[in-house]
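So you know, we letter chains A, B, ... as the sequences are listed, proteins then strands, and number each from 1. Bear in mind that the values here come from a model prediction, so they are computed numbers and not experimental data.
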Amino acid sequence: MTKLTPMERIWFIVNLIPKGAVLPYGTVADLAGLPGRARYVSRALKLAPQSLALPWHRVINSQGKISFTNNSEPFRIQQQLLRLDGIEVNAGKISLSQYKWQPDIATLVMTLPF
DNA sequence: AAGATGACGTGCT
DNA sequence: GAGCACGCCATCT
């Protein structure tokens, strides 16, 4: 089993988020074994190689909103990608809490390669 | 080298 | 709810 770097673990988790679901930066950090490191998740996504084709748009902040500055270029792109996933977004805010994916932490963690 | 920055979160007013 | 203050810490100036 390859030893993954903290950043690779974040990419791994993000890649698991299914279409139609979203997950907060903080939760991704927790699952990657980096509690309290939500900011590191944003850095990791920014530095992620395009070749990974990660569903980065499914990562939002704990307020259920898009974290890019309002109406910026990336903000609009993320909003559109979420809508293509079938998620309802209004002014950067995910409308229904049911879209928030709550994985069974205990079960998921046991399947992780780290 | 040192200070500012940021795709965050939590707690408190 | 809306601000504001902190804690966080790799990157960027």
Checklist entry - So, is A:S62 close to the B:dG9 phosphate, meaning a side-chain N or O under 4.0 Å from OP1 or OP2? => result yes
Item to check | Integer angstrom distance from the P of C:dA5 to that of B:dA4 | outcome: 16 Å
Item to check | Under 3.5 Å side-chain donor-acceptor pair for A:N90 and A:S95 | outcome: no
Checklist entry - Given side chains that start at C-beta, do those of A:L45 and A:V28 come closer than 4.5 Å, heavy atoms only? => result no
Item to check | Value in whole Å for how far the P atom of B:dG9 lies from CG of A:L23 | outcome: 10 Å
Checklist entry - Taking all non-hydrogen atoms of both residues, which atom of A:Y40 and which atom of A:I10 are closest, and how far apart? => result CD2-CD1, 3.3 Å
Checklist entry - Does A:T27 reach the side chain of A:W101, with side-chain heavy atoms less than 4.5 Å apart? => result no
Polar pairs (N or O, both sides) under 3.5 Å between protein and nucleotides 8-10 of chain C?
from, atom 1, to, atom 2, distance (Å)
C:dC9, O2, A:R43, NH1, 2.9
C:dA10, O4', A:R43, NE, 3.3
C:dA10, O4', A:R43, NH2, 3.3

Checklist entry - What is the distance, rounded to the nearest whole Å, between atom CD1 of A:I66 and atom P of B:dG6? => result 18 Å
Checklist entry - Under 4.0 Å between a side-chain N/O of A:S67 and OP1 or OP2 of B:dC8, yes or no? => result yes
Checklist entry - What is the distance, rounded to the nearest whole Å, between atom CD of A:Q78 and atom C1' of B:dC8? => result 13 Å
Checklist entry - How close or far is atom C1' of B:dG6 from atom CZ of A:F75, stated in whole angstroms? => result 17 Å
Next on the checklist: If you define the side chain from C-beta out and look only at heavy atoms, does anything of A:L81 sit under 4.5 Å from A:W56?
Outcome noted: yes
Item to check | Heavy-atom side-chain proximity of A:H57 to A:Q79 below 4.5 angstrom | outcome: no
Checklist entry - Just how far, in rounded Å, is P of B:dA7 from CH2 of A:W56? => result 12 Å
Item to check | A:M7 or A:K93, whichever maps to the more 5' nucleotide of DNA chain C | outcome: A:K93
Checklist entry - To the nearest Å, how far apart are A:I94 CD1 and B:dA7 P? => result 17 Å
Checklist entry - Quick one: A:N70 CG to B:dA7 C1', roughly how many Å, whole number? => result 14 Å
Checklist entry - Rounded to the Å, how far apart are A:F68 CZ and B:dC8 P? => result 9 Å
Checklist entry - Is the shortest heavy-atom distance from the side chain of A:L108 to the side chain of A:L16 under 4.5 Å? => result yes
